[in-house]
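All residue numbers refer to positions in the sequence shown, counting from 1.
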Amino acid sequence: NRLEGNLAVKTLPSMNLLNTDQTPAGFWIVSGKNYIINNVAVASRRYGMWFRPERSVTGTSVNTKMSHHPINIPLLDFRGNEVHSNGKYGLRIFD
């Protein structure tokens with residue numbers, strides 16, 4: 001996937017969905033197999049960008065090889081991104 005030239009502004013929490021929805025991010029990245037280039041995250045209640053690859057797969061992919069688990073996939077490209085004025089961290093990595 002290629003995520004390039006996007007703007008995320010004022011991401012707000014939701015108390016009605018998943019626990020992770022209570023700590024929102026402008027960009028929530030769960031796999032390293034992405035090109036994340038020249039994006040901007042501003043004024044999120046918690047995180048501008050959250051890179052959170054899961055330690056294991058779930059659902060119908062549960063029997064995949066360990067090398068295919070999100071935690072083991074390297075990030076292809078991450079450059080030129082800007083984050084500012086976010087509630088907690090501009091860039092959060094993992095949990």
Review point. Considering all heavy atoms of both residues, which atom of Ala41 and which atom of Gly48 are nearest to each other, and what is their separation?
Key: CB-O, 3.4 Å
Check your understanding: Backbone N or O of Asn39 within a donor-acceptor pair of the Asn6 side chain at under 3.5 Å?
Key -> no
Practice item. Decide yes or no for Leu75 and Asp77: does some side-chain heavy atom of the first lie under 4.5 Å from some side-chain heavy atom of the second? Key: no
**Study point:** Test log, rule side chain to side chain contact (heavy atoms under 4.5 Å, CB included), inputs Val83 and Val40
**Key:** CA-CA 6 Å; Val83 292; Val40 179; over 6 Å; no
Practice item. Drop me the distance from Asn16's CG to Gln22's CD, to the nearest 0.5 angstrom. Key: 9.0 Å
Point to revise | Spacing of CH2 belonging to Trp28 relative to OG belonging to Ser44, to within rounding of 0.5 Å | key: 13.0 Å
Exercise for review: Carefully, step by step, assess Met49 and Tyr89 under the rule side chain to side chain contact (heavy atoms under 4.5 Å, CB included).
Suggested key: CA-CA 8 Å; Met49 295 185 169; Tyr89 304 118; over 6 Å; no
Exercise for review: Test Thr11 against Tyr47 for side chain to side chain contact (heavy atoms under 4.5 Å, CB included), laying out the working first.
Suggested key: CA-CA 9 Å; Thr11 311; Tyr47 314 117; over 6 Å; no
Exercise for review: List the steps and the verdict of side chain to side chain contact (heavy atoms under 4.5 Å, CB included) for Lys88 and Asn86.
Suggested key: CA-CA 6 Å; Lys88 185 103 174 147; Asn86 294 290; over 6 Å; no
Exercise for review: Output all residues satisfying salt bridge (Lys or Arg N to Asp or Glu O under 4.0 Å) with Glu4, sequence neighbours left out; order by chain, then residue number.
Suggested key: Arg2
Exercise for review: Decide yes or no for His84 and Val42: does some side-chain heavy atom of the first lie under 4.5 Å from some side-chain heavy atom of the second?
Suggested key: yes
Review point. Can any side-chain N or O of Trp50 pair as donor or acceptor with the backbone N or O of Phe94 at less than 3.5 Å?
Key: yes
**Study point:** Residues that, via side-chain heavy atoms closer than 4.5 angstrom, fall in one hydrophobic cluster with Ile73
**Key:** none
Exercise for review: Indicate yes or no for a side-chain donor-acceptor contact from Asn81 to the backbone of Ile36 under 3.5 Å, with no hydrogens or angles considered.
Suggested key: yes
Point to revise | Spatial distance of atom CG (Asn38) from atom CG (Leu7) [nearest 0.5 Å] | key: 12.5 Å
Check your understanding: Apart from Leu76 itself, what residues make up its hydrophobic cluster, given side-chain heavy atom links below 4.5 Å?
Key -> Tyr35, Ile37
